[in-house]
Chemist: 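Got a structure here, written out as structure tokens. Questions coming.
Residue indices begin at 1 and follow the sequence shown.
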Amino acid sequence: MANDASTVFDLVILGGGSGGYAAALRGAQLGLDVALIEKDKVGGTCLHRGCIPTKALLHAGEIADQARESEQFGVRATLEGIDIAGVHKYKDGVVAGLYKGLQGLVASRKVNYITGEGRLSSPTSVDVNGQRIQGRHILLATGSVPKSLPGLEIDGNRIISSDHALVLDRVPKSAIILGGGVIGVEFASAWKSFGTDVTVIEGLKHLVPVEDENSSKLLERAFRKRGIKFNLGTFFQKAEYTQDGVKVTLADGKEFEAEILLVAVGRGPVSAGLGYEEQGVAMDRGYVLVDEYMRTNVPTISAVGDLVPTLQLAHVGFAEGILVAERLAGLKTVPIDYDGVPRVTYCHPEVASVGITEAKAKEIYGADKVVALKYNLAGNGRSKILGTSGEIKLVQVKDGAVVGVHMVGDRMGEQVGEAQLIYNWEALPAEVAQLIHAHPTQSEALGEAHLALAGKPLHAHD
């Protein structure tokens with residue numbers, strides 16, 4: 001970091017998470033002089049307290065399940081138990097390796113990295129460590145933190161957030177998870193694999209309620225089979241300590257008890273006390289408001305990532321950060337189609353989707369103009385070998401493009417790349433059907449689903 005107080009950077013970024021560091025790397029690559037300010041560690045929530053460590057836990061759980069179920073494959077293995085210290089060592093090793101690589105990237109691109117808690121001090125400056133950092137443009141990327149509900153205090157003891165759950169020094173005997181969205185069902189899945197008795201409480205009528213209803217129902221069926229309990233359609237009322245755990249009471253008077261309560265009701269923006277409103281930045285419920293090019297109402301300020309009311313996904317943050325950097329460098333940019341962003345929930349089985357739900361398609365195009373097709377993974381050789389069940393559901397505008405792909409099954413997250421191309425390139429079923437998919441692979445199921453939708457099914461009944 002240059003000590004010259006007269007230095008004016010092309011871009012000053014407040015926050016080094018997915019959106020912030022992506023903007024820094026791309027901006028520096030395009031010749032911008034970039035300062036990146038982060039109070040903790042570059043990589044933010046995703047790398048240190050979100051995407052990466054949770055998926056490591058889920059993979060450890062997958063290994064445990066494979067050991068339990070090995071005899072069905074003719075392999076005699078036994079599961080002696082979960083060494084939670086060993087699980088954390090594995091998880092932390094994955095994170096540390098990626099963190100080291102990211103630090104090297106930031107240094108190699110000659111990004112001016114500043115460690116400290118920054119505060120927006122004018123439309124063109126951020127104060128950090130008693131120093132004023134000047135920029136021709138400011139990018140706000142301060143991310144999010146776990147939310148709670150009114151009257152429900154997360155104490156880090158028996159009532160915990162996902163941050164606490166990732167460093168828990170034991171496998172809980174029982175757990176209540178408040179919230180059946182992505183975070184809730186992923187922890188439910190991992191803990192069940194570790195041997196925890198899990199109950200998920202979701203106030204809406206389905207788990208993963210933003211997904212297509214068919215995907216939600218398939219996941220609920222799979223969770224029942226795994227012994228993961230859930231209560232749907234009734235909202236939380238209160239939580240209180242018992243002699244050796246927590247009791248949760250719902251609005252209908254129903255009560256649940258467990259060793260711990262994980263509050264997984266979403267994440268809220270980090271914006272309070274950072275000077276945004278004082279500098280005239282338009283806000284709503286703590287979120288910074290932006291247009292389709294991530295510009296705020298203040299010409300010299302943009303915002304990206306969990307701080308803005310778009311999809312709270314790391315890859316969305318990457319894309320938004322890159323868009324800002326390219327716009328500032330004078331390149332032609334295209335607004336993000338958020339429906340075209342792939343979404344994956346990494347529970348067992350996985351839930352993956354891109355595009356819009358059948359219900360949304362009917363709302364937009366009319367019920368008589370929408371065609372939906374389900375392809376059961378039972379007809380897919382690779383899925384049969386892996387022992388996974390599930391479905392691929394396609395949503396098509398009649399005689400037109402596929403506008404939604406919704407998948408449930410192990411490893412479906414790895415198939416969402418092709419699904420993303422199908423949606424974003426507005427592919428017709430017949431165009432996908434003529435592509436030859438390798439056999440036996442799970443990607444073949446996507447091809448077969450399109451063969452069926454094009455009217456020429458192979459390994460499926462008419």
Chemist: Which residue in the set N231, T234, T249 passes side-chain hydrogen bond (donor to acceptor under 3.5 Å, both in side chains) when paired with K254?
Modeler: N231

Chemist: Is any side-chain heavy atom of L168 less than 4.5 Å from a side-chain heavy atom of W191?
Modeler: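 They are in contact (side-chain heavy atoms under 4.5 Å apart), so the answer is yes.
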
Chemist: Given side chains that start at C-beta, do those of V200 and K229 come closer than 4.5 Å, heavy atoms only?
Modeler: no

Chemist: Please step through salt bridge (charged side-chain N to carboxylate O under 4.0 Å, His left out) for the pair K332 and E326, ending with a clear verdict.
Modeler: CA-CA 7 Å; K332 183 180 178 181; E326 293 184 347; over 6 Å; no

Chemist: Quick one: does any side-chain atom of S161 pair with a main-chain N or O of D163 as donor and acceptor, under 3.5 Å?
Modeler: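 Answer holds: yes.
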
Chemist: Checking R295 now: which residues fulfil salt bridge (Lys or Arg N to Asp or Glu O under 4.0 Å) with it, not counting sequence neighbours?
Modeler: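 R295 satisfies salt bridge (Lys or Arg N to Asp or Glu O under 4.0 Å) with D291 once adjacent residues are dropped.
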
Chemist: Judged by atom type as modelled, is there a donor-acceptor pair below 3.5 Å linking the side chain of S174 to the main-chain atoms of E259?
Modeler: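 The answer is yes, because a donor-acceptor pair under 3.5 Å joins these two groups.
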
Chemist: Okay, side chain of H348, backbone of F223: is any donor-acceptor separation there less than 3.5 Å?
Modeler: no

Chemist: Looking at every non-hydrogen atom in both residues, tell me the closest pair between V185 and G180 and how far apart they are.
Modeler: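 Closest pair (atom of V185, atom of G180, distance): CG1-O, 3.4 Å.
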
Chemist: Quick check against the 3.5 Å criterion: does S302 have a side-chain atom that pairs as donor or acceptor with the backbone of L139?
Modeler: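 Judged by distance alone, no pair lies under 3.5 Å.
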
Chemist: Is a donor on one side and an acceptor on the other found under 3.5 Å between the side chain of S271 and the backbone of G286?
Modeler: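 A pair under 3.5 Å: yes.
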
Chemist: Do H450 and L428 touch side chain to side chain, with heavy atoms closer than 4.5 Å?
Modeler: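 Contact flag for H450/L428 side chains = no.
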
Chemist: Output yes when E363 and K360 qualify as a salt bridge under the 4.0 Å nitrogen-oxygen rule, no when they do not.
Modeler: yes

Chemist: Kindly compute the distance separating NZ (K247) from CD (E255), expressed to the nearest 0.5 Å.
Modeler: 4.0 Å

Chemist: Answer yes when E71 and R76 have at least one side-chain N-carboxylate O distance shorter than 4.0 Å, and no when they do not.
Modeler: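 So E71 does not pair with R76 through a salt bridge.
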
Chemist: For A314 and C51, which heavy atoms make the closest approach, and how far apart are they?
Modeler: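 Of all heavy-atom pairs spanning A314 and C51, the closest is CB-SG, 3.8 Å.
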
Chemist: Inspect the contact between K369 and D399 and indicate whether a charged nitrogen and a carboxylate oxygen are less than 4.0 angstrom apart.
Modeler: no

Chemist: Between the main-chain N or O of T388 and the side-chain N or O of S383, is there a donor-acceptor pair closer than 3.5 Å?
Modeler: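 No, the answer is negative, given that no donor and acceptor are paired below the 3.5 Å cut-off.
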
Chemist: If only atom types and distance count, is the side chain of S70 paired as donor or acceptor with the main-chain N or O of A67 below 3.5 Å?
Modeler: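 Checked: pair present.
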
Chemist: At their closest point, which heavy atom of I176 faces which heavy atom of A258, and how far apart are they?
Modeler: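 Taking I176 first and A258 second, the nearest heavy atoms are CG1-CB, 3.5 Å.
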
Chemist: Can any side-chain N or O of R158 pair as donor or acceptor with the backbone N or O of G245 at less than 3.5 Å?
Modeler: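 Yes; at least one donor-acceptor contact below 3.5 Å.
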
Chemist: Side chain of E202, backbone of L204: donor and acceptor closer than 3.5 Å?
Modeler: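 Side chain of E202 to backbone of L204, a donor-acceptor pair under 3.5 Å: yes, one is there.
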
Chemist: Can you tell me how far the CZ atom of F73 sits from the CD1 atom of I385, to the nearest 0.5 Å?
Modeler: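 So the CZ of F73 and the CD1 of I385 are separated by 10.5 Å.
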
Chemist: With rounding to the nearest 0.5 Å, note down the distance linking CG in D212 to NZ in K217.
Modeler: 9.5 Å

Chemist: Sequence neighbours left out, what passes ring pair (Phe, Tyr, Trp, His ring centres under 6.0 Å) with H164? Give chain and number order.
Modeler: none

Chemist: Decide yes or no for L149 and L178: does some side-chain heavy atom of the first lie under 4.5 Å from some side-chain heavy atom of the second?
Modeler: yes

Chemist: Can you list the residues that meet the side-chain contact (heavy atoms from CB on, under 4.5 Å) rule with A352, with sequence neighbours excluded?
Modeler: V344, M407, M412, V416

Chemist: L30 versus L331: any side-chain heavy-atom pair under 4.5 Å?
Modeler: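 Answer yes - side chains close enough.
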
Chemist: Is the terminal nitrogen or CZ of K41 (NZ for Lys, CZ for Arg) located under 6.0 angstrom from the six-membered ring centre of Y99 and within 45° of that ring's axis?
Modeler: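 Pair K41/Y99 counts as cation-pi.
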
Chemist: Looking at S162, is its backbone amide N or carbonyl O close enough to the side chain of R49 to form a donor-acceptor pair, meaning the two atoms are under 3.5 Å apart?
Modeler: no

